[in-house]
Trainee: 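Before I ask anything, let me first share the structure, which is written out below as structure tokens.
Below, chains carry the letters A, B, ... as their sequence lines are ordered, and counting in each starts from 1.
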Amino acid sequence: MFEVRNRCKDSAARTGILTTAHGTVKTPVFMPVGTGGTVKGVMQRDLKHEVNAGIILGNTYHLYLRPGTEIIMKAGGLHRFMNWDRAILTDSGGYQVFSLSENRKLSDMGAHFKSHIDGSLHTFTPESVIDIQRIIGADIIMALDECTPYPCDYEYAVRSMELTHRWLTRAVNHFANTEPAYGHEQVLFPIVQGSVYKDLRKQSAEYIASAGMPGNAIGGLSVGEPAEIMYEMIGLVNEILPEEKPRYLMGVGTPVNILEAIDLGIDMFDCVMPTRNGRNGMLFTAEGVINIKNRKWADDYSPLDVNSSSEVSRTYSKAYLRHLIISGELLGAQIASIHNLAFYLWLVAEAGRHIEKGDFKNWKTEMVRSLARRI
RNA sequence: GGGGAGAUACCAAAGUGGCCAACUGGGGCAGACUGUAAAUCUGCUGUCGAAUGACUUCGUAGGUUCGAAUCCUGCUCUCCCCA
């Protein structure tokens, strides 16, 4: 499943090879988010050839509500349904426990949701979420967890973490007692919680590691806490999560967040930022962040990024993209999404090359300074 | 030629004596966005000021009034109907 290739001498950063039933990817890796069976605004063809994505996300909650498991099952799974033959990871709906907190209730049994689409009531249990993800057919599936909000008082964080751990035990058992629906292998990742409390994070990391799954995830971060606290939590969790298995930091983050987390030993990332912020006019580049809606780009006919591996970034101009985004044109959202994703994929690949070369630390320091600029 | 309606900020459009520097929408400018309830949301948008506030505005010139975008008179312009 995972093989570490190169280790950094002066940091926890490493490169590796992640093998799935739908291809192998080099780590560190960024996984574009395709919640509802689509990376918003980007065709599968472009995900492959412009963005160079080897693995993308789907979301159990969204796909379960629409189109529903029956349609996906009849299609032969999500890969065939959405015409994507590379790897897929599905989130369990744990994040929706957080983001739809107004419309859900938790019990020991599971999470009770009110659909954001039609208000209907649904229950997710650790077991049902495994069943749904078996039908979706993702290569990597996630255990149901509670993503705690920030701030979160200690008492709540303890109870929440214990709930996530109890749910994990049930998920692991149910996973072991069920079969993939389409013949290809699926693996289950558990999720570390514990909010911003060191003792809870350590306790949770130990529990999650003890589940013995082929990869481990860290959740409940980048939910509003200061970045320094997030890094601190990642650092101490990664000392406990096994070194020989991939570590997935869920939902993170900014380009700077990602480089810092790679430094701390994270291998996998996902985030809506490149696509959502792209649709809203924010472009990521190696020189810093661009708000393409700003007037100053109105007559800047230079390419979005001359050095990009993506033809989209090399050919479309800033002035044209500004015009499209400001006009609300769909093509603007597409170009910005492709550009940002290509940049994110380039960034993590470049980090990997510097880990191999042995100069990751210095490169990272320079790059973080550059990335944080607003231009 | 006769009759009628109307001129409000970048645009459109409310407001018909004080609660009006003036509703609302658009446009413009800026900000936010981290396992996607997001092609979304927020703020500003007469001038000066960080702000209390001060100053100048509702076609134009006068007038009435303690007080006018709002009432009266002249002028200019626009639109509609009839000939």
Trainee: So, does A:Asn294 get its side chain near the phosphate of B:G31, meaning an N or O under 4.0 Å from OP1 or OP2?
Mentor: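 Affirmative; the distance criterion is met.
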
Trainee: Within the pair A:Thr35 and B:U36, is there a side-chain N or O less than 4.0 Å away from OP1 or OP2?
Mentor: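 For B:U36, OP1 or OP2 has a side-chain N or O of A:Thr35 closer than 4.0 Å.
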
Trainee: Establish, yes or no, whether a centroid distance under 6.0 Å links the rings of A:Tyr344 and A:Phe269.
Mentor: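 No; A:Phe269 has its ring centre 6.0 Å or more from that of A:Tyr344.
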
Trainee: Would you tell me if any nitrogen or oxygen in the side chain of A:Arg66 comes within less than 4.0 Å of OP1 or OP2 on B:A37?
Mentor: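 For B:A37, OP1/OP2 do not have a side-chain N/O of A:Arg66 under 4.0 Å.
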
Trainee: Would A:His62 and A:Tyr95 count as a close aromatic pair, with their ring centres under 6.0 Å?
Mentor: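 That pair fails the under 6.0 Å test.
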
Trainee: Between A:Lys364 and A:Glu260, does any NZ, NE, NH1 or NH2 come within less than 4.0 Å of an OD or OE carboxylate oxygen?
Mentor: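 Between A:Lys364 and A:Glu260 there is a salt bridge, with a charged N closer than 4.0 Å to a carboxylate O.
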
Trainee: Under 4.0 Å: is that the gap between some side-chain N or O of A:Arg295 and OP1 or OP2 of B:C29?
Mentor: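 Yes, within the criterion.
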
Trainee: May I ask you to evaluate whether A:Arg279 reaches the phosphate of B:C41, defined as a side-chain N or O under 4.0 Å from OP1 or OP2?
Mentor: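 Checking B:C41 against A:Arg279, no side-chain N or O comes under 4.0 Å of OP1 or OP2.
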
Trainee: Please check the phosphate of B:A37 (OP1 and OP2 only) for any side-chain N or O of A:Gln96 closer than 4.0 Å.
Mentor: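 Checking A:Gln96 against B:A37: at least one side-chain N or O falls below 4.0 Å of OP1 or OP2.
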
Trainee: Is there a side-chain contact between A:Asn59 and the phosphate of B:U36, meaning an N or O under 4.0 Å from OP1 or OP2?
Mentor: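 Yes, because at least one side-chain N or O of A:Asn59 sits under 4.0 Å from OP1 or OP2 of B:U36.
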
Trainee: I'd like the P distance from B:G26 over to B:A13, given in whole Å.
Mentor: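 Per the computed distance, 16 Å lies between those P atoms.
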
Trainee: Does B:A37 have OP1 or OP2 under 4.0 Å away from a side-chain N or O of A:Asn103?
Mentor: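 Negative; the distance criterion is not met.
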
Trainee: Within the structure, does a side-chain N or O atom of A:Ser99 lie under 4.0 Å from either OP1 or OP2 of B:A37?
Mentor: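 Answer yes for this pair, as a side-chain N or O of A:Ser99 is under 4.0 Å from OP1 or OP2.
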
Trainee: In this structure, how many angstroms lie between the P atom of B:G31 and the CE atom of A:Met282, rounded?
Mentor: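 It works out to 10 Å between those atoms.
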
Trainee: Is it true that A:His122 and A:Tyr64 have ring centroids separated by less than 6.0 Å?
Mentor: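 So the answer is yes for these two rings.
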
Trainee: Whole angstroms only, please: what is the CG-C1' distance between A:Asp91 and B:G35?
Mentor: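 That distance rounds to 4 Å.
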
Trainee: For the base of B:G35, is there a side-chain donor-acceptor partner from A:Asp145 under 3.5 Å away?
Mentor: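 Check passes, donor-acceptor contact within cut-off.
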
Trainee: Please say which of A:Arg247, A:Arg5, A:Arg14, A:Lys245 ends up in a salt bridge (charged side-chain N to carboxylate O under 4.0 Å, His left out) with A:Asp267.
Mentor: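 With A:Asp267 as partner, salt bridge (charged side-chain N to carboxylate O under 4.0 Å, His left out) holds for just one option, A:Arg14.
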
Trainee: Of the nucleotides B:G35, B:C33, B:U40, which one has an atom closest to the side chain of A:Tyr248?
Mentor: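 Among B:G35, B:C33, B:U40, the one nearest the side chain of A:Tyr248 is B:G35.
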
Trainee: Where the side chain of A:Ser222 is defined as all heavy atoms beyond and including C-beta, which of B:U34, B:A39, B:A37 is the nearest nucleotide?
Mentor: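 The listed nucleotide nearest to A:Ser222's side chain is B:U34.
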
